[in-house]
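Let me begin by presenting the structure, written as structure tokens, before commenting on it.
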2 protein chains.
Amino acid sequence: MRNDLVSGMARQTAEKKQEVSDPRVILEDFLPYRLNVLASLTSNALAQIYAERFGLSIPAWRVVVTLGQYEYRTARDIAAHGVMHKSTISRAVASLEQRGLIARRPNRDDRREALLELTPEGREIYEALAPEALAFEERFVSVLTEEEQRLLVSLIDRLSGHARQLAPEGEVEG
Amino acid sequence: MRNDLVSGMARQTAEKKQEVSDPRVILEDFLPYRLNVLASLTSNALAQIYAERFGLSIPAWRVVVTLGQYEYRTARDIAAHGVMHKSTISRAVASLEQRGLIARRPNRDDRREALLELTPEGREIYEALAPEALAFEERFVSVLTEEEQRLLVSLIDRLSGHARQLAPEGEVEG
DNA sequence: ACCAAATCGTTGCGCATGCAACCAATACGT
DNA sequence: ACGTATTGGTTGCATGCGCAACGATTTGGT
């Protein structure tokens with residue numbers, strides 16, 4: 001093996017004081033980087049479940065979950081709820097509709113938008129998928145104590161709130 | 001405004017017991033989702049800095065940072081260090097080389113690989129970029145106390161280690 | 001009533017990404 | 001020493017994404 005660089009992830013606290021005089025970014029210690037690595041690892045592991053077993057992309061998965069949670073909803077609700085770009089949703093919805101997993105019902109009160117909902121087949125997939133997703137989450141956080149899990153959630157929340165202010169505008173992919 | 005769905009991020013603890021009998025995924029409470037949103041928010045905010053001000057993509061930024069940190073390194077070292085696919089690195093390196101920010105020196109001992117290093121211009125950019133990145137990080141985590149910051153880092157570390165086991169293989173984009 | 005601005009959703013375009021195939025060079029087994 | 005397997009790095013290809021422009025519809029101002 002030869003992967004000591006990544007598996008080592010050497011943390012060098014001795015370096016800290018140097019950052020003052022000659023600012024250096026230590027990638028492995030850089031929080032945005034770490035967050036991304038963790039999020040990617042998690043996403044990819046999860047994606048295997050719903051891609052290989054249900055043929056769903058990440059955006060499709062989010063659409064399905066949202067509709068499973070809310071019965072029916074418009075595309076822009078889903079976009080807001082899943083923090084995704086509306087074009088991403090549009091394409092995911094088109095694909096899901098073509099596969100017969102969701103149905104589109106035009107809204108008579110506002111004919112620009114359409115209400116989306118799971119078809120019976122769609123709900124079937126959702127009901128098979130949801131327990132697996134939750135089981136994954138459970139396995140994933142099982143290295144932490146309950147206390148730590150609550151803490152993590154609260155830290156993430158506060159950081160997310162703050163991050164939205166640092167970058168006021170813009171959707172987020174996922 | 002009409003974004004109550006996303007800005008509300010309603011957390012409904014009362015729902016918890018329902019998950020036992022009828023497993024439902026509440027997207028806003030789903031940890032992988034939250035991690036992704038936070039990571040994306042952070043990435044995008046950061047990306048603005050080095051895209052708009054230095055014309056660097058995320059992979060390019062990671063190459064620059066790695067070389068700033070280690071003087072010289074091969075492409076595959078950088079890939080491992082930045083947890084990125086080797087093709088991503090290859091293209092980032094090509095672009096940086098063309099812009100004259102990094103130089104490639106063939107390794108006589110193993111002529112498959114090449115040692116990469118920052119040119120003076122590259123280092124100049126790095127030295128302008130590093131303080132800004134660190135300042136961003138500082139601003140970013142400033143909502144947390146020192147204690148909480150240490151805790152967050154440790155939680156992330158443990159989760160990352162665990163996640164690597166759940167998804168044993170595969171690079172990570174970023 | 002009318003016109004401008006805003007909103008929902010779709011689509012064409014350019015670009016980045018991951019994958020797999022590939023080339024060149026090196027390591028390994030026998 | 002020879003052939004095969006492995007490794008570093010590049011590239012063609014298909015896919016997916018965000019952006020911006022657009023059509024259709026609705027809202028708001030006057």
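Numbered from 1 within each chain, the chains take letters A, B, ... in sequence-line order.
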What is the separation between atom [atom1] on [X] and atom [atom2] on [N], rounded to the nearest whole Å?
{"X": "B/I102", "N": "D/dG9", "atom1": "CD1", "atom2": "C1'", "result": "13 Å"}
{"X": "B/L56", "N": "C/dA16", "atom1": "CG", "atom2": "P", "result": "13 Å"}
{"X": "B/L96", "N": "D/dT10", "atom1": "CG", "atom2": "P", "result": "12 Å"}
{"X": "A/M84", "N": "D/dC19", "atom1": "CE", "atom2": "C1'", "result": "17 Å"}
{"X": "A/I78", "N": "C/dT7", "atom1": "CD1", "atom2": "P", "result": "19 Å"}
{"X": "A/I89", "N": "C/dG9", "atom1": "CD1", "atom2": "C1'", "result": "12 Å"}
{"X": "B/E97", "N": "D/dG9", "atom1": "CD", "atom2": "C1'", "result": "12 Å"}
{"X": "A/R105", "N": "C/dG9", "atom1": "CZ", "atom2": "P", "result": "14 Å"}

Side-chain donor/acceptor of [X] to backbone N/O of [Y], under 3.5 Å:
{"X": "B/S95", "Y": "B/R91", "value": "no"}
{"X": "B/R62", "Y": "B/G82", "value": "yes"}
{"X": "A/R99", "Y": "A/G55", "value": "yes"}

* Asked: Are B/L101 and B/L115 co-members of a hydrophobic cluster defined by side-chain heavy atoms under 4.5 Å apart?
  -> no
So side chain to side chain donor-acceptor pair (under 3.5 Å) across residues 109-121 of chain A, not counting sequence neighbours, yields A/N107-A/E113, A/D110-A/R112
Here the side chain to side chain donor-acceptor pair (under 3.5 Å) pairs for residues 125-144 of chain A, sequence neighbours left out, are A/R53-A/E132
So, does A/R104 get its side chain near the phosphate of C/dC8, meaning an N or O under 4.0 Å from OP1 or OP2?
no
Students often get this wrong, so: under 4.0 angstrom with heavy atoms, is B/A114 touching a base, only sugar-phosphate, or nothing? sugar-phosphate
Counting any heavy atom closer than 4.0 Å, what does B/T74 reach on the DNA or RNA strands: base, sugar-phosphate only, or nothing? sugar-phosphate
Which protein N or O atoms sit under 3.5 Å from an N or O of nucleotides 20-29 of chain D?
from, atom 1, to, atom 2, distance (Å)
D/dT25, O2, A/R112, NH1, 3.3
D/dT26, OP1, A/R111, N, 2.9

When B/S57 and A/A94 are each assigned the nearest nucleotide of DNA chain C, the 5'-most assignment goes to A/A94
**Message:** Let's test your reading of the model: under 3.5 Å, does the base of D/dG9 pair with the side chain of B/R91 as donor and acceptor?
**Reply:** no
Review point. Taking side chain as C-beta onward, heavy atoms only, is B/R158 less than 4.5 Å from B/L155?
Key: yes
